[in-house]
Amino acid sequence: MFSFCFCQVKGPNIGLIGFSKGGDLCLSMASFLKGITATVLINSCVANSMTALHYKEMTIPSLGSDLSKCTVTESGFLESLHIWNNPLEKPNHQSLIPLEKAQGPFLFIVGKDDHSWNGEFYARIASDRLQAHRKDKPQIICYPGAGHCLDPPYFPARIASVHPVLGLPVFYGGEPRAHGRAQVDAWQQIQTFFHKHLDAKQSFKHSKL
């Protein structure tokens with residue numbers, strides 16, 4: 001999946017926003033690095049995905065997948081929603097990122113018509129895990145009809161495209177009208193979240209992964 005991570009770079013507060021694979025990278029940063037004040041995850045997994053994560057003496061294995069569960073639409077587009085192993089089952093739970101170690105709050109943005117990740121399922125895992133460790137519940141906002149690629153508002157809806165890494169046509173999901181409305185509202189929700197938890201006078205630097 002195409003992914004990105006945005007970082008706030010002028011102190012003292014630091015905010016992160018990640019999409020797709022960029023989301024679990026931001027989740028890992030928030031869990032292991034000091035000074036992360038607030039984190040936004042857009043259609044992301046709560047387990048480390050695709051490749052092992054190494055930090056100091058620790059390694060978090062990649063969440064396994066079963067490519068035989070990949071489906072193909074009538075138009076020939078791939079769907080990866082069902083290929084990922086359940087991170088709550090053994091031994092997959094070893095891939096879960098210890099987000100309870102994070103210092104700041106989380107906002108999860110979920111497209112309910114995402115055909116790449118089961119974002120709502122992962123957000124609920126995060127909520128249960130945080131509460132089990134007596135941490136504040138994350139904010140979870142779900143958008144019916146929205147797909148995987150929730151870009152900033154007024155960007156053309158990426159319902160399907162050739163994947164930049166796989167080089168194959170992938171269906172990301174989303175009903176165009178509902179998806180577009182979700183992009184507008186999600187952007188407002190993200191700004192509100194960061195204004196609440198970061199200094200409103202700070203600026204953000206965007207870096208694409």
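We number each residue from 1, following the sequence as shown.
Across all their heavy atoms, Leu41 and Gly23 have their closest contact at CD1-O, 3.0 Å. Of all the heavy atoms in Tyr143 and Asp185, the pair that sits closest is OH-OD2, 2.6 Å. Considering every non-hydrogen atom in both Val110 and Glu120, the closest pair reads CG1-N, 3.4 Å.
Taking the six-membered ring for Trp and thresholds of 30 and 60 degrees, Trp117 and Tyr122 have ring planes more than 60 degrees apart, a perpendicular arrangement.
Hydrophobic cluster membership differs between Phe155 and Ile17, with clusters built from Ile, Leu, Val, Met, Phe, Trp and Tyr side chains linked at under 4.5 angstrom.
Within the model, atoms CG of Leu96 and CD1 of Ile125 stand 6.5 Å from one another, a figure rounded to the nearest 0.5 Å.
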>> Working note: Gln188 + Thr192, criterion side-chain hydrogen bond (donor to acceptor under 3.5 Å, both in side chains); need CA distance, chi angles, decisive distance, verdict.
In response: CA-CA 6 Å; Gln188 295 172 343; Thr192 298; over 6 Å; no
> Between Phe171 and Ile159, is a side chain to side chain contact (heavy atoms under 4.5 Å, CB included) present by the stated rule, with each step listed?
Replying inline: CA-CA 6 Å; Phe171 181 66; Ile159 306 302; 3.5 Å; yes
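Heavy atoms of other residues, nucleotides or ligands lying less than 6.0 angstrom from NZ of Lys112 number 12 at most. The 12-atom threshold is exceeded at CG of Asn86, counting heavy atoms of other residues, nucleotides or ligands nearer than 6.0 Å. Counting non-hydrogen atoms of other residues, nucleotides and ligands closer than 6.0 Å to CZ of Arg129 gives a total above 12.
Side-chain atoms of Asn43 never come within 3.5 Å of backbone atoms of Cys149 as a donor-acceptor pair (strictly under, hydrogens ignored).
Donor-acceptor pairing under 3.5 Å is lacking for the side chains of His82 and Thr71.
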